[in-house]
Amino acid sequence: MRPTWLRFPDTVNEKAARVVATGVVAQAALFLATRWTFLLLTLAFGFAARVLAGPAFSPLARLAVHVVAPRLGPAKTVAGAPKRFAQGVGLTFSGAALVAWLVGSTTLAIAVLVMLVAAAVLEAGLGICLGCWAYGHLVRLGVVSSSACVECADISLRRRPSAA
């Protein structure tokens, strides 16, 4: 059994996730402008920390969850499993970009990072989480258990905003 501080939350505030995505876009854009390796390291670390323990060890996620998102109004909770999967995808892309950069494959590193930025822009600006979308397809294909996210298996179960 994993300690409670080393668990990804069952539910996630969608607003905090979008703030984190905004931070990812900013950090990646700053790397693209400066080419400072340190920024790629911190980007990959942030994704690894969030996959491992949600916001517990990620300074960006802690800022999003505890400072920024509460100021954006009531929380909009969504299932945590798809968001964790999305963070894993982000870790894969940021890690691949970091490795490519470190071995001197600049073009590959930038291409992978641009794909990551595109996905993060969709999440930050429109609330479209490509990792969550892929997770839902994996549930429907039977690759991932639907018990982790019932809404992912049946999109009709998603809450619709009330008219009031």
Side-chain angles (χ1 to χ4, degrees), residues 8-36 38-98 100-101 107-140 144 149 151-152 155-164:
F8 198 90
D10 292 333
T11 59
V12 173
N13 181 351
E14 176 74 18
K15 292 176 181 179
R18 291 178 73 175
V19 171
V20 168
T22 302
V24 166
V25 170
Q27 193 172 358
L30 187 58
F31 169 78
L32 291 170
T34 65
R35 305 295 204 259
W36 294 340
F38 175 76
L39 291 168
L40 270 183
L41 287 166
T42 59
L43 188 64
F45 168 80
F47 277 111
R50 291 186 296 275
V51 168
L52 181 66
F57 302 115
S58 167
L60 175 58
R62 291 185 65 85
L63 176 70
V65 169
H66 300 293
V67 179
V68 180
R71 288 166 174 74
L72 299 176
K76 179 186 174 199
T77 57
V78 294
K83 293 295 185 186
R84 184 179 199 181
F85 178 80
Q87 292 298 312
V89 173
L91 173 58
T92 302
F93 275 72
S94 62
L98 175 61
W101 183 260
T107 304
L108 178 61
I110 290 171
V112 170
L113 197 58
V114 166
M115 288 187 281
L116 176 66
V117 168
V121 164
L122 287 173
E123 170 78 8
L126 301 174
I128 298 171
C129 175
L130 293 181
C132 300
W133 175 81
Y135 185 91
H137 282 288
L138 292 173
V139 169
R140 286 186 285 287
V144 176
C149 178
E151 286 181 4
C152 300
I155 196 166
S156 69
L157 297 176
R158 292 190 180 163
R159 287 186 238 155
R160 289 178 177 75
S162 62

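Side-chain atoms are counted along with the backbone in the values below, which use heavy atoms only and exclude waters and symmetry mates.
- For the side-chain contact (heavy atoms from CB on, under 4.5 Å) with Val24, the lone residue among Val19, Val121, Leu43 that qualifies is Leu43.
- Between Pro55 and His66 there is no side-chain heavy-atom pair separated by less than 4.5 Å.
- Gly90 and Leu116 make their closest contact through CA-CD1, 3.9 Å (heavy atoms, listed as atom of the first residue, atom of the second, distance).
- Among all heavy-atom pairs drawn from Ala120 and Ala21, the shortest one is O-CB, 3.6 Å.
- The line from CH2 of Trp133 to CZ of Phe85 is 10.5 Å long, rounded to the nearest 0.5 Å.
- Closest approach of Gly80 and Val12 over heavy atoms only: CA-CG2, 3.7 Å.
- Taking OG1 from Thr42 and CD from Gln27, the interatomic distance works out to 3.5 Å, rounded to the nearest 0.5 Å.
- Minimum interatomic distance between Gly131 and Ala86 (heavy atoms only, all atoms of both residues): CA-CB, 3.8 Å.
- For Phe47, there are no ring pair (Phe, Tyr, Trp, His ring centres under 6.0 Å) partners, not counting sequence neighbours.
- Looking at Val78 and Thr11, their side chains never come closer than 4.5 Å, going by heavy atoms from C-beta outward.
- Residues Trp36 and Leu40 have side chains not in contact (no heavy-atom distance under 4.5 Å, counting atoms from C-beta outward).
- For the atom pair CG of Leu32 and CD1 of Ile110, the computed distance is 6.5 Å after rounding to the nearest 0.5 Å.
- The side-chain heavy atoms of Val68 and Arg18, taken from C-beta on, include no pair separated by under 4.5 Å.
- Counting only distance, with no hydrogens or angles, the side chain of Gln87 and the backbone of Ala48 share no donor-acceptor pair below 3.5 Å.
- In this structure, Val144 and Tyr135 have side chains that are in contact, with non-hydrogen atoms separated by less than 4.5 Å.
- Here the CG-CZ distance, from Leu60 to Phe45, works out to 11.5 Å after rounding to the nearest 0.5 Å.
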- Item | side-chain contact (heavy atoms from CB on, under 4.5 Å) between Phe57 and Arg62, worked out | CA-CA 8 Å; Phe57 302 115; Arg62 291 185 65 85; over 6 Å; no

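- Taking all atoms of both residues into account, the shortest heavy-atom contact from Ala79 to Pro82 is O-CD, 3.5 Å.
- Within the 4.5 Å cutoff, no side-chain heavy atoms of Val65 are placed close to those of Asn13.
- The OG atom of Ser94 lies 10.0 Å from the CG atom of Leu41; values are rounded to the nearest 0.5 Å.
- Here the side chains of Lys83 and Glu14 are in contact, with some heavy-atom distance below 4.5 Å.
- At least one donor-acceptor pair closer than 3.5 Å links the side chain of Arg50 to the backbone N or O of Gly46.
- When every heavy atom of Ala119 is checked against every heavy atom of Leu130, the shortest pair comes out as CB-CD1, 4.0 Å.
- Residues Leu113 and Phe93 form no side-chain contact, since every pair of their non-hydrogen atoms from C-beta on lies 4.5 Å or further apart.
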